[in-house]
Amino acid sequence: MELYPEIKTPHIPEIEKEIIEFWEREKIFERSINERPDAPAFTFYEGPPSANGLPGIHHVLSRTLKDVFCRYKTLQGYRVARKAGWDTHGLPVELQVEKELGITKKDVGVTISVEEYNRKCREAVMRFKDVWDRLTTRMGYWLDLENPYVTFENDYIESVWHLLKRLFDKGLLYKGYTIQPYSPAAGTGLSSHELNLPGCYKEVKDTSVVAQFKATGFENTYFLAWTTTPWTLPANAALAVGENIDYVFVETYNPYTHLRGTVVLAQALLHKYFPAENAALDFDAFKAGDKKIPFRVLKTVKGAELVGQRYEQLLPYIQPEGDAFRVIAGDFVSTEDGTGIVHIAPTFGSDDFRVAAKNNISAVVVTRKLENPADAYCAKESETLPIVDKEGKFVPEITDFAGRYVKNYTDDPDYVPVDIDIAVKLKQENKAFKVEKYEHNYPHCWRTDKPVLYYPLDSWFVKTSAYRERMAEINKTINWKPESTGTGRFGNWLENVNDWNLSRSRYWGIPLPIWANEAGNKFKCIGSVEELAKEIEYAIQNGVADQPFTPEGLRSGDFDLHRPYIDGVKLYDPECGVMLRQPDLIDVWFDSGAMPFAQHHYPFENQKAFQESFPADFIAEGVDQTRGWFYTLHAIAVLLEDKPAYKNVIANGLVLDKDGRKMSKRLGNAVEPFAVMEEWGADVLRWYMLENVSPWENLRFNIDGLVETYRKFFVTLYNTYGFFALYANIDGFVVDETNVTPVENRPGMDRWIVSRLQSLITHVEREYENYEPTRAARAVQHFVVEELSNWYVRLNRRRFWKGEMNEDKKAAYETLYECLTAVVRLMSPIAPFSSEKIYRCLTGPIRDRAQTSKTLLPADSVHLSKFPRPEARYIDAELDFRMEKAQAACSLGRSIRRKHNIKVRIPLQKAMLVALDETEANAILAEKELIMSELNVKSVEIIPPHFLVKKAKPNFKLLGKKLGPKMKAVQSALENLSSDEVAAFERDGQITLALADGPVTLVGEEIELTTLEVPGLDVAGDGKTTVALDIAVTEALRLEGTARELVNRIQNRRKDLDFDVTDRIRVVLSENEAWNIAVKAHKDFIASEVLAVSLELGTVTEGAEIEIDEAVGKLYVERV
RNA sequence: GGGCUUGUAGCUCAGGUGGUUAGAGCGCAACACUGAUAAUGUUGAGGUCCAUGGUUCGAGUCCAUGCAGGCCCA
């Protein structure tokens, strides 16, 4: 009867599919949560992916991590609910839709209605949901996919509104006009954490210009100011200098126009533009085209003296209304690069904006009548705009460059950088002093890959800066893995955090629930659908009709809170009359950061569920989320709840290709997760990714390494199970929990592996608790491969296959069974499929009984079982030491055999082991049998210590402090001691060394006696263990060796003929003087080894060729 | 330019609080083993522990500076 299914050379993907079916059929995941309503909760938050792109291999890494700790905590008895979620709003979706429709942002509301546009977005966003769900299922990531939270649903939006309203009521939402990163290609401002997304900063080459601004207070004199954005020069309104910086007036020629004049720049930067040797040149000898331009420093002044000087507008396209074109003081001015004079364009830089406002400098702007008042932030007729419009084009007033993009925003292949044309114009007009290419890092929009502009925008902000310290303080209570991400990357960022810009001027997202009066100075924030209904009711009562929603409709659930509907809602205020909605959407990062609240539709429903699940015990995402989701969760939680949002967090690293390069579609080095799982299995992938490097390090994904994991770990594990199954089936072994051999009554080998197992359980539990999955995986793998398989099973094979069932055999089965059932539970969080498979195979025969008697392993699934409890009383340090000693002895003994070329099949007379004391001697003798069989020797003897030659070494740790500089002299003195002197020390326990600078007395443990030799014997040692072998091969030993060779050949033949392990055979062997005597002498031995009923020497006509030490013959084997 | 991080064998990685001869697996080579065989054992080759300075009797380990890679920011 097959109690335990046999699994030959496991094809893991097939097994996994069978397990997935089993889980679904038996609802194992649901049961792991629902069957323990009273268990303590362990809360996990799923960071919502966006389903409008395909999942990659890096998603498998972070999702494996998430899964591991949820499964682990489940084994520890916790109730681990985990809700899936979808991030559905935002720019990626909008851009994808625009691309598919072949439109841009400015077409929305023109060629396509907002309604239609948003419907397309809603469709597009879940496009790959199926693929994501398939990945989740296939990789064994347990998550409640049936009831996910979805950020575009009304309930979710309502919860977000509630949070916004709470912020508003606390005075933490405000409207401001600032210079912000803005993406013309995407048509929206970007938050600072969006600029922190990977790959945003790129090395680019721009045209930089040192422009000449003609001073009005000096004769023929120009201020030099440097910029890497020449397109901002038409907006120049001021020049900034450092008050304490020294500036020089330099007479020279312009390199382009060759006109003579005086230029002003920082003294520290003089020689960047004027090589010192040119000071000697003759002014009169200069002619146009000369490479070397003469110069002469006329005077030096402090920056403070320049403040207040005026200059002519550089590019006078537009006249500002107020005062401009002055030299002002700026604290940010340095002499690191440029000229020490900074060009100020108030509309295109945040420093510029600030310093201009402070000095009452007017910006260069144009005024426009508003065509579409709905696009304004409040009802008004006109607005001022910078000289570049929101698409990134110069306004018509900049006549020479009107309509030209300041950067290549449209992927036009013929795009000519406007910067270059501006530079040319400046050169011609004697307004440029130097033009060159300049390479620098510049931020780019994360979706469009286009350079960002700094641009003036009206926006709503969350006043996160007010909570800087509190956020940093609360962050200290969070357990970060790795710690440095929490203290460094995240902690440093919190300490310098700026206000969070919430506004996005797009269409597909959560609308900002704020309404404003016409003057734009009174606001109302709506915090729920019911509140909205009431306000609409109130507005209608006051004559504000024409509403997109009716109060009844809102209360019955028939509505959509998105644009464009919400835009039409008009509220009423008794003092200011009609209020219109602020047209902004909110930053999508707020959506996901709100998920602890909004996933439960808190506070409108599930108040208890929220309370119980906040803050989360654990979250995990990629390190790129540090300033993304990790931050937004933290900010919202601290501002509103004064608590962390999560207690433990793993920030995992990147998945790179095998050469350490980033994976990308362009390089073609991306690894397709489904393909890997189809070929090798999800378990192998999961195990490989976690076992290889700690998750927070970057993983170099190498398929060879993954294959190694399969062969090394998984095949070994399945083989070990297979070995158990093979013999347990033959013997009909079923563990009987009422009659298990007590561990203390089992043989040493069993007690040893049980002892190792207890240490393993303790170790693995500790590592999981510390969120160190890599250490846990490595510990399990080492135990399975080295200790269980290569040592315990290999050495105990005979106990399983020899003879009838007896106490010893039973103990062996029980021991191996215990090890396997424990191992599968330890590894199940990481490798949920194979552990399940083996668990089910092992526990199948006892499950019914176990469930009735509620004893040993009743669970239907390894994931419903309990994490093993370590039994400290079975940990036996002495036994561990004994086995370590024996392993070392066997290893060393084999190296001696190898040195003398004596095969292990030939028995040797004796092995001799050095024992330093009685404990060691006992340890060796206890494993005598093992050493004898492993080394194939007839006896094991102890060499007493007095036979040894010892060497003395200082104990550096002890003596270092005591001796200090004398250390070296003592070391060499000890090395030169004669063996008699060492022996004397051993006897007396002390020794006095005569050193050059006086005698030194050393006692006891200050000297270590180590290296050992045994005079007259061939020994091998590793420093701790020393072994000698008697290498004389006598005739009798040689015959035994030959007999073993024959056993080997006959066994091979049996196998070739596909005989069953238990088949009895008849053997005939051709005569040969190389083995005739051996056969006669060891007939019984050979016959019993190969299960032969007869063994004869004779003539063999049909049979297999065999060869032993160059003697050839024939072998006939048949089944009886 | 700043923050964080990594640099140890051809490859992937270990190496608490400094202690002498720096380890493992894979790969490579040779030999062996064989009722677990897509295994296993033994041996070997393979290292200026990124560099330079410093602290120390002693540095892969601590400090400083630099170089190179990665991530995040200005």
Side-chain angles (χ1 to χ4, degrees), chain A residues 8-10 192-193 195-201 336-337 440-441 443 482 484-493 496 622-624 626-627 651 653-654 656 658-662 688 691-694 696-700 702 704-705 707-712 714-716 718-727 774-775 778 781-782 785-786 789-790 793-794 797-798 800-801 890-899 901-905 934 953-971 1008 1011 1023 1048 1051-1052 1054-1055 1059-1062 1089-1091:
Chain A
K8 294 239 155 128
T9 55
S192 48
H193 45 261
L195 278 193
N196 292 344
L197 291 166
C200 281
Y201 278 80
E336 291 282 302
D337 47 22
H440 61 146
N441 261 320
S484 60
T485 300
T487 55
R489 188 175 283 205
F490 194 61
N492 292 348
W493 150 267
N496 298 302
V623 66
D624 52 339
T626 308
R627 293 171 195 191
L654 273 65
L656 306 170
K658 67 180 167 59
D659 301 317
R661 289 173 309 178
K662 235 175 138 158
Y688 164 72
E691 186 268 340
N692 209 281
V693 286
S694 287
W696 35 89
E697 312 243 18
N698 290 347
L699 169 69
R700 291 184 176 207
N702 188 345
D704 295 342
V707 174
E708 183 191 328
T709 296
Y710 169 72
R711 278 210 269 265
K712 183 106 205 149
F714 284 91
V715 171
T716 306
Y718 276 101
N719 277 344
T720 307
Y721 163 75
F723 176 84
F724 172 85
L726 179 66
Y727 293 105
T774 304
R775 289 169 188 257
R778 284 177 179 168
Q781 179 164 324
H782 182 264
V785 176
E786 301 302 332
S789 170
N790 287 349
V793 172
R794 188 164 62 83
R797 280 177 293 192
R798 270 174 183 266
F800 291 88
W801 82 60
C890 295
S891 177
L892 291 164
R894 274 190 288 243
S895 82
I896 298 173
R897 274 184 175 272
R898 148 95 196 148
K899 199 160 76 185
N901 237 333
I902 304 168
K903 294 180 182 181
V904 182
R905 285 213 193 87
E934 275 294 285
K953 258 198 330 190
N955 181 334
F956 283 85
K957 218 163 187 170
L958 275 181
L959 288 175
K961 284 203 181 92
K962 177 176 165 185
L963 295 177
K966 291 182 190 165
M967 204 69 205
K968 276 191 174 138
V970 170
Q971 182 179 6
E1008 287 173 349
T1011 314
N1048 164 249
Q1051 297 285 33
N1052 284 347
R1054 282 182 63 117
K1055 221 167 155 191
F1059 288 177
D1060 202 78
V1061 182
T1062 47
E1089 282 293 307
V1090 303
L1091 299 183

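Chain naming here is simple, since letters A, B, ... match the order of the sequence lines and numbering starts at 1 in each. Source: prediction; values computed, not measured.
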In the structure shown, which nucleotide is the Watson-Crick or G-U wobble counterpart of B:C13, with both distances under 3.5 Å?
-> B:G23
Mind checking A:Val793 for me? I need base, sugar-phosphate or nothing, with any heavy atom below 4.0 Å counting as a touch.
-> base
Considering only atom C1', compute the distance from B:G19 to B:A59 and round it to an integer number of Å.
-> 10 Å
Parallel, tilted or perpendicular: which fits the ring planes of A:Phe800 and A:Tyr727, with parallel below 30° and perpendicular above 60°?
-> tilted
Can you tell which of B:C71, B:A14, B:A38 lies closest to the side chain of A:Glu697?
-> B:A14
Select from A:Tyr710 and A:Asn698 the residue whose nearest nucleotide in RNA chain B is closer to the 5' end of that strand.
-> A:Tyr710
Please measure how far the P atom in B:G7 lies from the corresponding atom in B:A51, and state the result in whole Å.
-> 13 Å
Take A:Thr709 and A:Asn692, measure what side chain to side chain contact (heavy atoms under 4.5 Å, CB included) needs, and give me the verdict at the end.
-> CA-CA 9 Å; A:Thr709 296; A:Asn692 209 281; 5.7 Å; no
Among the nucleotides B:A38, B:A36, B:A14, which one has an atom lying closest to any side-chain atom of A:Phe723?
-> B:A36
Take atom P in B:C13 and the same atom in B:C4, then report the distance between them in whole Å.
-> 23 Å
Name the pairing partner of B:G60, where a pair is Watson-Crick or G-U wobble with both distances under 3.5 Å, or state none.
-> none
Which of these nucleotides, B:C71, B:C11, B:C4, is closest to any side-chain atom of A:Val623?
-> B:C71
Identify which nucleotide among B:G70, B:U12, B:A38 has an atom closest to any side-chain atom of A:Val715, counting heavy atoms from C-beta outward.
-> B:A38
Which heavy-atom pair separates A:Pro482 from A:Ala651 by the least distance, and what is that distance?
-> CD-O, 3.8 Å
Using purine N1 to pyrimidine N3 plus N6-O4 or O6-N4 for Watson-Crick, or N1-O2 and O6-N3 for G-U wobble, each under 3.5 Å, what pairs with B:G1?
-> B:C73
Between B:G15, B:U40, B:A39, spot the one nearest the side chain of A:Arg711, thanks.
-> B:A39
C1' spacing across the pair B:A39 / B:G3, given as an integer number of angstrom = 49 Å
Expected rows: protein N/O vs nucleotides 41-44 of chain B N/O, under 3.5 Å:
from: B:G41; atom 1: O2'; to: A:Arg894; atom 2: NE; distance (Å): 3.2

Watson-Crick or G-U wobble partner for B:G18, using a 3.5 Å limit on both distances?
-> none
So what does A:Leu699 touch, heavy atoms closer than 4.0 Å: a base, only the sugar-phosphate, or nothing?
-> nothing
Is there a donor-acceptor contact under 3.5 Å from the side chain of A:Arg627 to the main chain of A:Phe490?
-> no
Specify the separation, in whole Å, of atom CG of A:Leu726 and atom P of B:A39.
-> 19 Å
Out of B:G70, B:A36, B:G15, which nucleotide sits closest to the side chain of A:Thr720?
-> B:A36
Could you give the distance separating B:U48 and B:U55 at their P atoms, to the nearest angstrom?
-> 26 Å
Ignoring hydrogens and geometry, is there a side-chain-to-backbone donor-acceptor pair from A:Arg711 to A:Val707 under 3.5 Å?
-> no
Pair assignment for B:A29, Watson-Crick or G-U wobble, requiring both distances under 3.5 Å | B:U43
For B:U37, the Watson-Crick or wobble partner whose two distances fall under 3.5 Å = none
What pair of heavy atoms forms the shortest contact from A:Arg489 to A:Thr626, and how long is it?
-> CD-OG1, 3.8 Å
B:A68: pairing nucleotide in any strand, Watson-Crick or G-U under 3.5 angstrom | B:U6
How far does the C1' atom of B:C67 sit from the matching atom of B:U21, given to the nearest Å?
-> 31 Å
Using whole Å, report how far CG of A:Asn692 lies from P of B:A24.
-> 18 Å
Please report, rounded to the nearest Å, how far the P atom of B:G25 is from the CG atom of A:Asp704.
-> 18 Å
NA contact type, A:Arg797, heavy-atom cut-off 4.0 Å: base, sugar-phosphate, or nothing?
-> base
Counterpart residues, side-chain hydrogen bond (donor to acceptor under 3.5 Å, both in side chains), relative to A:Tyr718 (two or more places apart) = A:Ser834
A:Asn719, nearest nucleotide to its side chain (from B:C26, B:A36, B:G15) = B:A36
A:Arg489 CZ to B:U5 P, straight-line distance once rounded to whole Å | 9 Å
Nearest-nucleotide 5' precedence on RNA chain B, A:Asn492 against A:Ser789 | A:Asn492
Answer with base, sugar-phosphate or nothing: what part of the nucleic acid does A:Leu654 contact at a heavy-atom distance below 4.0 Å?
-> sugar-phosphate
By side-chain hydrogen bond (donor to acceptor under 3.5 Å, both in side chains), A:Gln781 pairs with (sequence neighbours left out) A:Trp687
Can you name the nearest heavy-atom pair linking A:Arg700 to A:Tyr688, along with the distance?
-> O-OH, 3.2 Å
